[in-house]
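Each chain gets a letter, A, B and so on, in the order its sequence line appears, and its residues count up from 1.
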Amino acid sequence: MGLLTPDPGLLFWMVIVFAVVFFVLAKYGFPVVIKMVEDRKAYIDESLKAARAANEQLASIKAESDKILAQAHEEQARILNEAAATRDRIIRDAEDRARTEGARLMEEMKRQVEVEKECAIRDIRRQVAVLSVGIAEKVLRSKLADEMQQEELIDHMLDDMLDSVKK
Amino acid sequence: MKKLRYIALYLLLLASPAGMVCAQEADTIAAPSAADTTLREEIAQDVAQAEVMAADSLVGEDGKEEGGVDVNELVFGHIGDSYEWHIASFGDTHISIPLPVIVHSSTGWHVFCSSKIAEGEEYEGLYIAKGGAYDGKIVERNAAGEEVRPFDISITKNVLGLFINSAVLLIIMMSCVRWYKKHPVEQGAPKGGVGMMEALILMIYDDVIKGCIGEDYKRYAPYLLTAFFFVLVNNLMGLIPIFPGGANVTGNIAITMVLALCTFVLTNVYGTKEYWKEIFWPEVPTWLKAPVPMMPLIEFFGIFTKPFALMIRLFANIMAGHAAILSLIAIIFITVKAGPVINGSMTVVAVLFGIFMDALEVLVAFIQAYVFTMLSAVFIGLSRVKGHESKK
C-alpha cells in the first residue's frame with residue numbers, strides 16, 4: 001500500500017475525530033474566546049469613553065469652580081467697596097450733621113448773647129434813665145429856682161422828645 | 001490580495017531553499033560517509049527517494065545491507081502506518097504498544113489485540129501481508145486463494161496518534177475556555193499559556209480569516225480555526241520522537257484528504273452565483289470560451305486542483321520532514337561499518353543536522369498549518385465573490 005493511497009480505516013477515523021473536534025471547538029471553544037475578546041474590546045472602548053467623559057466633566061467642574069471663585073472675589077471686592085462707601089457716607093453725614101448742629105448751636109448762642117446783650121443794654125438804659133432822672137431831679141432842684149429857666153428847659157425837653165418820636 | 005501574494009511568494013522562497021539544502025546535505029553527507037560505493041549509492045538513493053516520495057517504486061526494493069540497518073524499512077516503517085506502536089528494540093526484543101484490531105472480514109467482525117498477529121502469525125484467518133499490493137496491511141484469503149483486504153477500521157498507530165493529538169488539542173482549548181469562564185471581562189487579558197493561545201487565535205482570526213474571506217467571515221471562522229489548530233497540534237506532536245508523539249499523522253494522505261475535502265465542500269457548497277459564473281463563463285475574450293470551452297474547462301479543473309494542492313502540500317511537507325530527519329539519523333547506523341572515525345564524525349554531523357532539521361520542522365509545522373488555513377480562507381473568499389457592480 002503506497003503512501004499516496006489513503007487508507008480507508010484511517011479515513012473513517014479521521015472523519016469521526018475531526019467531526020468531533022470540530023463540533024466541540026466550534027460550539028464550546030472558539031466562540032467563547034472570540035466573544036470574550038470582542039467583549040473585552042468593547043469594554044476597553046467603553047472605559048476609554050467613560051474616562052474621557054469623566055475628564056471632560058472634571059475639566060468643566062474645575063472651570064465652574066474657577067468661575068465661582070472669581071465671582072466670589074468680585075462679590076467680596078464689591079462688598080468691600082460698598083462698605084467703604086457706606087462708611088465714607090456715614091462719616092460725611094455725621095460731619096455734616098455735626099457741622100449744622102454746631103452752626104445751629106452757634107446761632108442760638110449768638111441769638112441768646114444778642115438777647116442778653118439787649119437785655120443788658122435795656123437794663124443799663126433803665127438804670128441810666130433812673131440815674132439821669134435822679135441826677136436831673138437833683139440838678140433841677142438846684143436850678144429850677146428861676147421860672148424862665150424852667151420854661152426854657154421844658155420846651156427844650158419837649159422838642160427833644162418830639163424829635164425822638166419823629167425818628 | 002497583493003499582500004497575500006507576497007506572503008505566498010515569501011513562503012515559497014522560504015520552502016524551496018530548505019528543500020534544496022536538505023537534498024544537498026543528504027548528498028554531501030552521504031558522499032564521504034560511505035567507504036564503499038555501493039553503500040554511498042544506497043544512502044543517496046534512500047534519501048533522494050524519501051524526498052521525492054517515490055513510495056510505490058520502493059516497494060519490494062531491498063535496502064538491507066548484510067547485518068546493517070534497513071533504512072528503507074526504518075524510514076517508511078515510521079512514515080507509514082502500523083498495527084502496533086513500536087517504541088524501541090534492543091537486539092531481538094521489541095518494545096511496542098499493541099493496539100486493537102477491528103476488522104470486518106468475510107467471516108464477520110473480528111476485534112482482537114494486534115500482538116496476536118505481530119510476528120507474521122495468522123489469527124482467525126487474518127494476517128499482515130508481506131509484499132504485494134497490501135504490504136503491511138491485514139488481509140485474508142478469499143476462496144480463490146488471493147489476498148483481499150477486509151473492511152479495516154483498526155486503531156492503528158496513526159489513529160491512536162490522531163486520538164491523542166485531538167485530545168491534547170481539546171484539553172488545551174478547553175482549559176483556555178475555562179480560564180475565560182472563570183475570569184470576567186473586567187479582569188483584563190490573560191497571561192502565559194492562555195494569552196499565547198489567545199494571541200494565536202486572534203492572529204488567525206483577524207489576519208487570515210477576516211482578511212481573506214471578507215464580509216461573512218464569521219460563518220467560516222470555527223472551521224478555519226479548528227483546521228489551523230488541528231494541523232498545528234498534529235504537526236508538533238509528530239515531532240516528538242517518542243510515545244505519545246511521533247505518529248506521522250499530518251504526513252498521512254488520508255488525514256490531509258479529509259481536511260482538504262472539508263475546504264472543498266465549504267468552498268463549493270456556499271459558492272455564490274458569481275463564483276460559478278466566473279468558472280463557466282469567465283470574463284475573457286469570447287473565442288477562449290465559445291466554440292471550445294477552454295477557459296471554463298481550466299477553471300472547472302481548478303475547483304479540484306485547489307483542494308488537491310492543499311492535500312498534497314501538507315502531506316508532502318510533513319512526510320518529507322519526517323523522512324529527512326530519519327534519514328539523517330539513519331546515517332549514524334549506516335556508517336557503523338565504515339569504521340569508528342568515520343562513524344564518529346558522521347554521528348556528530350548527523351546530530352547537528354538532525355537538530356537543524358528538527359528546528360526547521362518546528363517552523364514548517366507552523367508554516368504549513370498557517371498556509372493550509374490561509375489558502376483555505378483564500379479559496380473560500382474567492383467563492384464568496386460578489387457581482388462587479390457591488391465591488392465598485
Exercise for review: Could you tell me which non-hydrogen atom of A:Phe18 sits nearest to which non-hydrogen atom of B:Cys262, and how far apart they are?
Suggested key: CE2-SG, 3.8 Å
Side chains of residues 115-128 of chain A: which donor-acceptor pairs under 3.5 Å do they make with residues two or more places apart or in other chains?
residue  : atom : partner  : partner atom : Å
A:Asp123 : OD1  : A:Arg126 : NH2          : 2.7

Point to revise | Aromatic centroids of B:Tyr205 and A:Phe30 separated by under 6.0 Å | key: no
Exercise for review: Could you please spell out the steps behind the side-chain contact (heavy atoms from CB on, under 4.5 Å) verdict for A:Leu25 and B:Met174?
Suggested key: CA-CA 8 Å; A:Leu25 288 188; B:Met174 285 303 138; 4.2 Å; yes
Exercise for review: Please indicate whether A:Met157 has more than 12 foreign heavy atoms, meaning atoms of other residues, nucleotides or ligands, lying under 6.0 Å from its CE.
Suggested key: no
**Study point:** Atom of A:Val17, atom of B:Ser166 and distance for their closest heavy-atom approach
**Key:** CG1-OG, 3.0 Å
**Study point:** side-chain contact (heavy atoms from CB on, under 4.5 Å) assessment of A:Val24 paired with B:Met173
**Key:** CA-CA 10 Å; A:Val24 173; B:Met173 280 300 162; over 6 Å; no
Point to revise | Top of B:Ile253, B:Thr256, B:Leu261 for chain A proximity - count of heavy-atom pairs under 4.5 angstrom | key: B:Ile253
Review point. So with a 6.0 Å cut-off around CZ of B:Phe151, is the heavy-atom count from everything else above 12?
Key: yes
Revision key, fill the gap. OH of A:Tyr28 to CG of B:Leu170, rounded to nearest 0.5 Å, is 12.0 Å
Review point. Hey, is CZ on B:Arg219 packed in by over 12 heavy atoms from elsewhere, all under 6.0 Å?
Key: yes
Practice item. Select, from B:Ile102, B:Ile201, B:Asp152, the one with the greatest count of heavy-atom pairs under 4.5 Å involving chain A. Key: B:Ile201
Point to revise | Side chain, backbone, both or neither of B:Ala167 within contact of chain A (heavy atoms, under 4.5 Å) | key: neither
Check your understanding: For A:Arg97, does the CZ atom have more than 12 heavy-atom neighbours from other residues, nucleotides or ligands under 6.0 Å away?
Key -> no
**Study point:** Closest non-hydrogen atom pair, B:Ala254 against A:Leu11
**Key:** O-CD2, 3.4 Å
**Study point:** chain A contact via B:Tyr223 - side chain, backbone, both or neither, heavy atoms under 4.5 Å
**Key:** both
Exercise for review: Under 4.5 Å heavy-atom distance to chain A, tell me which part of B:Pro184 shows up: side chain, backbone, both or neither.
Suggested key: backbone
Revision key, fill the gap. Rounded to the nearest 0.5 angstrom, the CG-CH2 distance for B:Asn158 and A:Trp13 is 14.0 Å
Check your understanding: Of all the residues in residues 31-43 of chain A, which have a heavy atom that comes within less than 4.5 Å of a heavy atom in chain B?
Key -> A:Val32, A:Val33, A:Ile34, A:Met36, A:Val37, A:Glu38, A:Asp39, A:Arg40, A:Tyr43
Review point. Nearest 0.5 Å, what's the CG-CE distance between A:Asp7 and B:Met257?
Key: 11.5 Å
